There are 2 protein chains.
Amino acid sequence: MAETDNSAIDLEIIAQGGAGKPELRLWLRMLSTTKLISQEIRRRLRAEFGATLPQFDLLAQLYREREGLRLGELSKRTMVTNGNVTGLVERLEADGFVIRETPDGDRRVTVAKLTPRGETYFSAMAAAHEGWLRDIMADVEPATVSTLLGEIGIVKASANNHLSAGPAD
Amino acid sequence: MAETDNSAIDLEIIAQGGAGKPELRLWLRMLSTTKLISQEIRRRLRAEFGATLPQFDLLAQLYREREGLRLGELSKRTMVTNGNVTGLVERLEADGFVIRETPDGDRRVTVAKLTPRGETYFSAMAAAHEGWLRDIMADVEPATVSTLLGEIGIVKASANNHLSAGPAD
DNA sequence: CGGCAATATTTGAAATGTCAAAGGTTTCGG
DNA sequence: CCGAAACCTTTGACATTTCAAATATTGCCG
């Protein structure tokens, strides 16, 4: 069961002793790796900026679209449910990083956009965030990073084609 | 705005799919892929078994250790915080899938173990779960699965070696 | 013009997630 | 033994998460 991994923190134990089905093993390894890195990023975001990961994600989307985004669009891009976006934007607005406004044309819609303060705040976080990732992946060869980017893309495409709800964007 | 404006210079590309630093792109792709598959698994677990993903994870650990596990050990293996394990086990116990007991030797400890009903329940879920994964990854070549397993292992090892808290024990 | 389906967001209940602080229980040094 | 340190779990405050139901608004069709 020991392969190249001695970590005690390891979801992969679910698989039958490491001899299990390859797809299952791959999934468990992806999941535990992502969880590990997420927790590290979250820890640093919290310690250095007092922010959470979902907040960072949401701000990142708004940073790309200076005109702002409708909440439904934010929901799709961040892969967060509608109801969740409401609460996230509420808290970010309370902190002064975001403002909500309803366009004249369609009063069903709420558009969120960054405030100047939000832009400054996110800029600092983004720079740090990128450095953290280079640090975390410091032992991974550039060629491996490149290969992984493509192969994980294949996995993502496959998953997208086999959703019970039908392919989503 | 003239002189001391160095805040938002080359960060436009952050969080974007097209260009930018390879490590960042890889991370974002890993994250979105994992999120996508997690959501699919969660949907099916809920629809077919009325279970949640964290519950499934926890039961999987107990299934492998028929003698039961201390809550702290469960916390490490599932990568869930201590406080969270308490609530998870509480709900699973209320549903009759798990029992808690305190060993005679050390009354600080709580050990959780599967009930017979819990074993039956988990067996069924595990079988289905494995099938779902083969389905979701149906378009990924076996050779790619194998390559990915190794390369993601490298990423995980690198992350583990660069945790701000020091390597996870 | 009236009504109804489609669209967009909010709300509410329940579960999960974090961290920090508080509770008991051992264990060990003096 | 006694008291302090170490250990294990629970609790509490908050944020995030999902789904489903409720609201609100628009657009279209008859």
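Just so it is clear: chains get the letters A, B, ... in the order the sequence lines come, proteins before strands, and each one is counted from 1. Just so you know, these numbers use all the heavy atoms, side chains as well, and skip hydrogens, waters and symmetry mates. Being a predicted model, the structure only gives us computed values, none of them experimental.
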Practice prompt. Nearest whole angstrom, please: distance from the P of D:dC19 to the CZ of B:R46.
Written response: 7 Å
Worksheet item: Could you state the CZ-P distance from A:F49 to D:dA15, rounded to the nearest angstrom?
Response: 20 Å
Discussion item. Any non-hydrogen side-chain atom of B:V109 less than 4.5 Å from a side-chain atom of B:T102?
Written reply: no
Worksheet item: Is B:L163 close to A:L36 at the side-chain level, that is, under 4.5 Å between some pair of heavy atoms?
Response: yes
Item to complete: Answer yes or no: does a side-chain N or O of A:R100 lie under 4.0 Å from OP1 or OP2 of C:dT10?
Response: yes
Worksheet item: Of all the choices, D:dT26, D:dT18, D:dT16, which nucleotide is nearest to the side chain of A:P54 once you look at every atom?
Response: D:dT16
Fill in: B:L59 with B:V111, same ILVMFWY side-chain cluster at under 4.5 Å
no
Discussion item. Which is more 5' along DNA chain D, the nucleotide nearest A:R108 or the one nearest A:V80? Just name the residue.
Written reply: A:V80
Worksheet, complete the sentence: When A:T52 and A:D104 are each assigned the nearest nucleotide of DNA chain D, the 5'-most assignment goes to A:T52
Practice prompt. Would you check if B:L69 and B:L62 make a side-chain contact, meaning some heavy-atom pair closer than 4.5 Å?
Written response: yes
Item to complete: Rounded off to whole Å, could you give me the CG-to-C1' distance for the B:D106 and C:dC28 pair?
Response: 15 Å
Worksheet item: Heavy-atom contacts under 4.0 Å between residues 83-94 of chain A and DNA chain C, which residues?
Response: A:G83, A:T86, A:E90
Worksheet item: Can you tell me how far P of D:dT16 sits from CG of A:L58, to the nearest Å?
Response: 10 Å
Worksheet item: In whole angstrom, what separates A:R70's CZ from D:dT25's P?
Response: 16 Å
Fill in: Non-hydrogen side-chain atoms of A:E65 and A:R77 separated by less than 4.5 Å
yes
Item to complete: Return no unless some side-chain N or O of A:T110 is found under 4.0 Å from OP1 or OP2 of C:dT9.
Response: no
Fill in: Nearest-angstrom distance from the residue atom CG of A:L53 to C1' of C:dT18
12 Å
Discussion item. Less than 4.5 Å apart, side chain to side chain, heavy atoms only: is that true for B:V98 and B:K113?
Written reply: no
Worksheet item: Between OH of A:Y121 and CZ of A:F56, what distance do you get to the nearest 0.5 Å?
Response: 10.0 Å
Worksheet item: A:D57 has an atom CG; how far is it from atom P of D:dA15, in whole Å?
Response: 18 Å
Discussion item. Below the 4.0 Å mark, does D:dA15 have OP1 or OP2 next to a side-chain nitrogen or oxygen of A:Q55?
Written reply: no
Worksheet, complete the sentence: Taken to the nearest whole Å, CG/B:L71 to C1'/D:dC7 is 14 Å
